Amino acid sequence: MNIDSIRNGYVIDHIKAGTAMAIYNFLGLDKLDCSVAVIKNASSSKTEKKDIIKIDALIDLDLDVLGYLDPGITVNTVKEGAIIEKRKLRLPRELHGVIRCKNPRCISSVEQELPQRFRLADEEKGVYRCIYCDHKAQRE
Amino acid sequence: MRHLIDIQDLSTQEIEHLIDVANDIMANPDKYAEKCRRKKLATLFYEPSTRTRLSFESAMLELGGSVIGFSEAASSSAAKGESVADTARTVSCFADIIAMRHPKEGAPLVASMAASIPVINAGDGGHKHPTQTLTDLLTISRVKGRLGNMTVGLCGDLMFGRTVHSLIGALSRYEGIRFVMISPEELTIPDYVQQDIQKSNIPYRETRSLEEAMPELDVLYMTRVQRERFFNEADYIRLKDSYILTPEKLRTAKEDLAILHPLPRVNEISTAVDSDPRACYFKQVLCGKYIRMALIMMLLEVE
């Protein structure tokens with residue numbers, strides 16, 4: 001399968017197989033005017049299969065969101081057709097405005113304009129907790 | 001500028017310093033009578049309270065300061081929909097320090113982010129209550145003469161009992177602490193507290209029976225099953241009488257057991273227990289005022 005190389009943009013690589021569309025939707029890539037390629041079940045040397053997203057524009061990419069969704073991802077930045085940066089993601093220490101606290105007893109449930117903030121409580125298990133009420137974040 | 005939102009905001013040395021100052025205030029109250037002259041404490045209580053609010057207010061008055069505030073959300077601008085952050089910014093213009101109680105978890109943290117004066121969490125929903133913990137620690141240290149090397153039984157509503165969560169966090173720092181969690185299955189400690197205990201390698205066990213746990217306890221911390229924490233009245237009715245401490249149940253207890261309760265009690269400690277020398281819950285109330293005096297001085301930097 002041939003997909004044109006990108007000139008200026010990102011290759012989001014090593015996405016867990018089968019989850020690229022969720023990332024595509026979460027990042028709102030459907031709203032972009034540029035070319036976006038979603039490759040599912042590509043062969044990988046590291047894992048059996050992986051997904052890849054190619055974005056042919058240097059958009060403002062939220063690496064914290066990506067790291068939260070899949071800390072195994074590698075983001076390659078491409079400029080003038082060459083990879084200029086390769087970033088291996090990890091779980092971010094804090095998440096701002098990515099997920100909402102579901103605890104009805106939390107102050108953020110009544111004061112809707114409060115920023116939604118979560119801190120990484122357990123890196124090994126990928127557990128995030130609301131900074132206000134300590135409630136465990138539910139992965140969507 | 002410092003706030004006290006969680007007991008973990010204080011180092012062990014700071015906690016011990018507060019205990020020392022509180023003991024000194026008890027011995028030499030005159031020395032502290034003018035420490036907070038011309039300073040104002042704002043008590044912002046969005047939820048009913050007798051002990052905590054009066055304890056804060058009398059603490060400030062005995063330090064020579066004065067008090068403003070409200071004791072229910074209905075008599076504040078919260079009734080008009082004002083946010084906690086805006087209230088904190090406003091009160092920062094009038095007072096030198098805030099003590100806030102709020103039914104929603106995290107509200108005092110939000111206040112501390114907006115205020116330009118120190119904020120003390122005086123209880124946020126079923127979450128944290130650090131000044132009750134300081135009170136409990138002062139009481140235990142006065143009664144037992146130590147804060148480590150003991151088995152502490154926590155009994156009742158361990159899920160929504162905010163005083164229990166903060167106390168576990170504080171006692172976990174001391175050597176030789178062991179917890180026995182006594183609660184109905186529906187009201188066991190929340191997972192984040194359990195995770196913290198496991199991380200600190202503190203030995204603990206859970207049981208449904210107060211009688212079974214009684215003989216091994218050095219401290220018994222009773223709590224009330226709180227009606228206001230339940231969304232469902234039927235669940236409250238079913239669980240409210242799970243544990244009632246009576247003189248009969250104390251027969252197998254150690255002679256030097258210390259019985260604590262953050263109060264108010266409903267019926268979980270029979271009044272017949274009040275005359276038992278092991279009952280420390282009214283001593284605890286008095287300790288609350290002195291430790292809050294020490295805390296106010298620390299946060300206002302007037303020691």
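Keep in mind that this is a model prediction, so the values were computed, not measured. We name chains A, B, ... by the order of the sequence lines, and we start the count at 1 in each one. Side chains included, hydrogens not; waters and symmetry mates left out as well; all remaining heavy atoms used.
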To the nearest 0.5 Å, what is the distance between NZ (A:Lys125) and CD (B:Gln195)?
-> 6.0 Å
Please indicate whether A:Glu85 has more than 12 foreign heavy atoms, meaning atoms of other residues, nucleotides or ligands, lying under 6.0 Å from its CD.
-> yes
State the CD-CG distance between B:Glu105 and A:Asn103, to the nearest 0.5 angstrom.
-> 5.0 Å
Does CD belonging to B:Glu185 count more than 12 external heavy atoms closer than 6.0 Å?
-> no
Residue set satisfying ring-ring contact (aromatic ring centres under 6.0 Å, His included) with B:Phe70, at least two apart, ordered chain then number -> B:Tyr46
Grab the two heavy atoms, one from A:Ser109 and one from B:Lys104, that are nearest each other, plus how far apart they are.
-> OG-NZ, 4.3 Å
Here the gap from B:Asp86 atom CG to A:Glu111 atom CD, rounded to the nearest 0.5 Å, amounts to 8.5 Å
Contact summary for A:Ile131 and B:Leu109, nearest pair of heavy atoms | O-CD2, 3.2 Å
Should the heavy atoms of other residues, nucleotides or ligands under 6.0 Å from CZ of B:Arg208 be counted, would the total exceed 12?
-> yes
So side chain to side chain donor-acceptor pair (under 3.5 Å) across residues 106-121 of chain B, not counting sequence neighbours, yields B:Asn121-B:Asp124
Most contact-rich option vs chain B, by heavy-atom pairs under 4.5 angstrom, among A:Glu113, A:Lys136, A:Arg129, is A:Arg129
Drop me the distance from B:Asp6's CG to A:Asp134's CG, to the nearest 0.5 angstrom.
-> 7.5 Å
Taking atom CZ of B:Arg178 as the centre, does the number of heavy atoms from other residues, nucleotides or ligands within less than 6.0 Å exceed 12?
-> yes
